[in-house]
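Have a look at the structure below, then the notes.
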Amino acid sequence: MKTKPLCGKARMRRLKKCQKNCVTLHSKRLTKPLTDNMEYNHKEIEKRWQQFWRDNEVYRVKEDPARKKFYVLDMFPYPSGAGLHVGHPLGYIASDIYSRYKRQQGFNVLHPMGYDAYGLPAEQYAIQTGQHPEITTRNNITRYEEQLSKIGFSFDWNREVRTCDPKYYKWTQWAFMQMFNSWYDLQAGKARPISELEKYLSEHGTEGLHAAETKELHLTADQWNSMTEKEKRQTLMNWRIAFQGETMVNWCPQLGTVLANDEVSEGVSVRGGFPVEQKLMNQWCLRVSAYAQRLLDGLDKLQWTDSLKETQRNWIGRSEGAEMLFPVVGKDISLEIFTTRADTIFGVTFMVLAPESAYVKELVTPEQKAAVDAYLEEVKRKTERERQIDKKVSGVFTGSFARNPLTGKEIPIWISDYVLAGYGTGAIMAVPAHDSRDYAFARHFDLPIIPLIEGADVSEESFDAKEGVMMNSCGPKLDLNGLQVKEAIAKTKKFIEEEGIGKVKVNYRLRDAIFSRQRYWGEPFPVYYKDGTAYLMDESVLPLELPEVKSYKPTPDGEPPLGRAENWKTPEGYPIELCTMPGFAGSSAYYLRYMDPHNDQALVSPEANAYWRDVDLYVGGSEHATGHLIYSRFWNKFLYDLGVVVEDEPFKRLVNQGMIQGRTSFVYRIKDTNTFVSRGLKDNYDVTPIRVDINLVDNDVLDIDGFRKWRPEYADAEFVLEDGKYICGYAVEKMSKSMFNVVNPDDIVDRYGADTLRMYEMFLGPIEQSKPWDTNGIDGVNRFLRKLWNLFDRADLSSDAEPSKEELKVVHKLAKKVTQDIENFSFNTSVAAFMIAVNELGQLKSGNRKVLDMITRLIAPFAPHIAEEFWHRLGNEGSVVDAEWPAYDEQYLVEDMVKYPVSFNGKTRFTIELPAGADKAAVEEAALKAEGAAKWLDGKQPRKVIVVPGKIVNIVV
RNA sequence: GCGGGAAUGGUGAAAUGGUAGACACGAAGGACUUAAAAUCCUUUGACCCGGAAGGGUUGUGCGGGUUCGAGUCCCGCUUCCCGUACCA
C-alpha cells in the first residue's frame, strides 16, 4: 500500500512556495525564470519534519522486552546564560547519529536529554540582581530547548530531567539518606545497613571489625553499650558512608563555600579562579575512598580511552607500602608513618610532620614552642596557591627525637608544609639520599644524608629510582645489603610485620568527597539537629523542598544563605541543616532516572532498570574524568550494593568529544591612529592587534562598512588594503563573548540548515580532537546536500528499474564505509564517503529508485530532515528513523581481475592478477614489484600475486 | 617531575605495513551571464626537464633500525597540546 497524503500535501505546499519565490525574484531582480527543479529549501523542510516528529511522537521510547535495548547518553548541560554555542552540540550530534543508526538496526534506543540545573552562575547572578535562581535557570533552559530543537535531535523529551526539580531531587536526597544509613564492610566488599554495624558493636565492639573508617577506633562491646545515644551517634559517623567529619577542606573565601578536590585546580577555584585555602571544618562527606579499589578494578572491563582510564587510575592513586611505628624518645608515644620505600629505613636521618598533624602539639618542647608557633602561623597565612608558587624549603624543629626501630639511632622530628596532613598518616620518615623532597630539606637544614644504593651519586641530587643494589643497610636484626631494591622492600615488609613494628598497607590518593556547600542553589539535606547531633528526617518528608529566602548572600554571622529561611525547622522545632549538596550530587545518578523518570515510588523501578541496565554509549568531555565520572561510578556501585541497580558499572563505552575552540579575528591598528592595516602589510607598521566580531569577517576578509558601524570610535576608520581587501589575522582561543568569536548554531541553522550544521560539525575532523570552529568550509557540505537534492529531483521515482552494476558498486561501497565508520565513531570520513558517492552517481547520471532508497537510509542518521523528505517522496510511510539499515554486499565491491602469466628469474612462472583493463606497462611494473616481494618468500615460488598497479594486495604461495 | 596524546600541502584533514595527500576549504584559470550571484569544468605538495603530450627528482618533525616495501612497527631525540602535581 502506498498512500502518501503528507507527501502530496507537502509537494503542493512546496510548489506554492516555490512559485511565490519565483514571483518575488522576478519582480525584485528581473532574474531569469527558475527551472522546474525546486531549490533545496532547508527552512521549509526542517520546520515541516520537526513538526511531524513532534506530532507523531516519533522519538518516544518505551520498554519493550521483545527488542534489544541500546542506551546512548550525552552528558547533560548546565544551562548557562550565554546559550549554546556551536561547540556544544558536537557531542550531541555524534551521539544522535549513533542513536539513529542503532535504531535503524532494530534496537530499542534510549536517548534522553535533561539539564544539570544547579550551579554557581545562577546563584551569583541571584546575589547580584536578587532574581531567584530558579527563574534564571528556567529562562536559560527555555533558550537551550529552542536551540536544541532546531538541530533535529532524536531525544525523547518526555524523559527530560532537571536536577533542581523536586520530583527529581527527591531521589538525590533519598540516596544521601541511604548512604547515611550504610557502612562499608571491607571483608564483604560492599555497603551494608548501619543497623547491622550497631548490632555488631554491641556484641563484639570493634574487635574483628573490618570497616572503612575515618580513623581507627578500639572499642569493647561494653564501652559501646555504655555510651549515651549522642555518643553512639557521634561514633557511628566514623563508619557511615555519608558522614560528618572534621576534615581539612578547600575553603574559598570569595565564594564563601568549601570545594571538592576536583573543583580546585592549581590552588584556585575552577569556577571563578579565586584563591583557595585549607581549613579544618566539620562537613558532610561521602566515603568514596571505601570504594577506591573497586573503582580501580572496574576500569579494566570498560571501553573507555586509555588516557581517561589512566587519569582515573592516577586520581585514585593506589600505592602499596608499609605503615611503621617510630617510638619517640622520652615519651610514651610512637609516630606512625607511611612509606612505599620500606627498604630505605637505614637511610632515615630525620622525620617530618605536617603542620596540621595532631602529633605536633605533643612533640613540641618548651624551648622550641615559640619557633614552632611562629612557623605554624606563617603556614596558616599562606593560601594553597602561594604554597604552590613559593616552593621554598621551610620548616622548624620540634625539639623531640624519635628512635629508628632498626638502627636504634635517635633522629630529630621536624615540621614542614611539604608533608601533607591528608595523605597517609601526615608524618613521614625522611630518606634524603633517595627522595628529592627530603634531599632539598636536608640540604637546606644541613641534615645528614646516607646513600643506600651502590653507585648512586648523591652529592648533587637524590637518587629516586626504585632500582639498584642496597648498601649501608645492615642492622642487628635485618640485613639488606646486596639485595635488589624490590627484594629489599619485600624483606623489610615481612620483617616489620613479624616484629610488630609496622604493617603492610595500601594507601589511596582518592579522598572522601566533601558533600556540603555553604550555598543556596542546591539540594537541601534531609537532616535536622537535636542537641547538636545530626538526625535524618523521615523519608516521608521527601522531597524536602528548597525554601524561599529574601537574599542569597550568607547571613551577617557567616551562616549559609539557608540561615535566612523562615521556619527552616522540623515540626518539633529542631533546626534543619543549612548547607546544600554540591553540583555532583544531582548529576551522579541522572542516567538511572532517565530509565524511569516519572516514577514517584522509586529512583528507578526494578523492571525499568533490568531492561535498560546501563549506558551502552556515553559521550561527553574529558574534563569530567576526575569529578562526575568518579562520583557517578561510586554512586552507582553504592546503589548496586543496595540492590537498587543491576549493573556494577554505569557507563560501558565512553567517547570523549574534543572541545571546539573559537577562531578569533584580529584587525591591526597603526599605533595612535584610526587607520587599520591588512594582515599581509602589518609588519611594515607599528600596530596593535584588536579583536573584531567574527560576524564581520567572512573568509578572513573584513566587512569594512560593518566594521565602521560596529563601534562609534571606528565610524571614520581608514584602511590600508591589499588587493582591494582587508584581510584579518586570526588566533585560536576559547570560544567566549569577550573574544567576539562566538558562533551561534541558530545562525548557522538559519543560513544553511540543521542538516548542513550536523554534517559540517562531523566533517570538521575526528570527534575526539579539539579544533577551532571555522565556518569557512561549510559551503562544501551545503553544496553536497544540494547536489543530493538535485539527484532526487532529477530521478524518476516511479520506475522500478534495477540498478546498474556501477550504481550498485557505488552504493554498496558507501554502505560498507558508513557502517564501519559509525561503529568507529569516524564520522568525518563518512561525510567524505557520501560526497564521493553523490559525485559518482551524478557522473553516472543515476536516478535509480533503489539506489536512492539506500542512500536515504544511510544518510538518515546524519541529515535526518532531508532524509525524511526523501523517505516520503519515495512513497514510504512512518518515519525514516525506523527505516531498516541497509546491509552491504561484498560481491559488488570485488574488482574484476585478469590473470597475466609472468616469468621470474628467467625460469619460474607465476601469475599476476590485475584489475581489468590493465595495460602492458602496468603488468611490467607489477611484475617488478612482485619480484621484490618474492624475495621475502624465502625462495618459495609465488603461485599467484594480486596486484593493483604498484600495490601488491595479496601473495598466495 | 609524572601520566596521556599529537606532529602529513596555504587550511581542516584521509590513508587493515602496500600508488601518501581521499574528501573539503582556499587559490588560479575557464564556461554560462549585459553584469553579478549561483552552477559547472580544469589545475593545485615542492622542485626540475619539455613547445606539447609527457617525463624526472624529492617529499609525512629529527636520527637510527626491522621489512621486498614504513606516515604507519621498534629504539633514541625535538617541539607542541592536554591532564596532574610536594601523594612519601
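Below, read A as the first sequence line, B as the second, and so on, with proteins coming before strands; counting in each chain starts at 1.
Heavy atoms of A:N839 sit under 4.0 angstrom from primed sugar atoms or phosphate atoms, though from no base atom. At the heavy-atom level, A:R786 lies under 4.0 Å from the strands shown only through sugar-phosphate atoms. Within the nucleic acid shown, A:I836 comes within 4.0 Å of sugar-phosphate atoms alone, with no base atom in reach, counting heavy atoms only.
Figure legend. B:rG45 is base-paired to B:rU58; pairs are counted as Watson-Crick or G-U wobble with both atom distances under 3.5 Å. Pair check for B:rU79 finds B:rA6; Watson-Crick or G-U wobble, both atom distances under 3.5 Å. Taking a pair to require two hydrogen-bonding distances under 3.5 Å in either a Watson-Crick or a G-U wobble arrangement, B:rG71 remains unpaired. A 3.5 Å limit on both hydrogen-bonding distances identifies no Watson-Crick or G-U partner for B:rG50.
When the options A:I778, A:L785, A:N828, A:I97 are evaluated for a side chain to side chain contact (heavy atoms under 4.5 Å, CB included) with A:M759, the one that passes is A:L785.
Which of B:rC23, B:rA88, B:rA85 sits closest to the side chain of A:M835 comes down to B:rC23. The side chain of A:T340 sits closest to B:rA88 out of B:rA22, B:rA88, B:rA13.
Judged as a side chain to side chain contact (heavy atoms under 4.5 Å, CB included), and not counting sequence neighbours, the contacts of A:A513 are A:L286, A:V288, A:F584, A:Y631. Here A:V697 pairs with A:S665, A:V692, A:L702, A:C728 under the side chain to side chain contact (heavy atoms under 4.5 Å, CB included) rule; sequence neighbours left out.
Centroid-to-centroid, the aromatic rings of A:F445 and A:F350 stay 6.0 Å apart or farther.
Classification of the A:F834-A:F784 ring pair by plane angle, with boundaries at 30° and 60°, yields tilted.
For the 3.5 Å distance criterion, the side chains of A:D438 and A:Y418 qualify, holding a donor opposite an acceptor.
Between A:K787 atom NZ and B:rU39 atom P there is a gap of 9 Å when expressed in whole angstrom units.
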Kindly give the atom pairs (protein nitrogen or oxygen, nucleotide nitrogen or oxygen) under 3.5 Å for nucleotides 4-12 of chain B.
| residue | atom | partner | partner atom | Å |
| --- | --- | --- | --- | --- |
| B:rG12 | O2' | A:L764 | O | 2.6 |

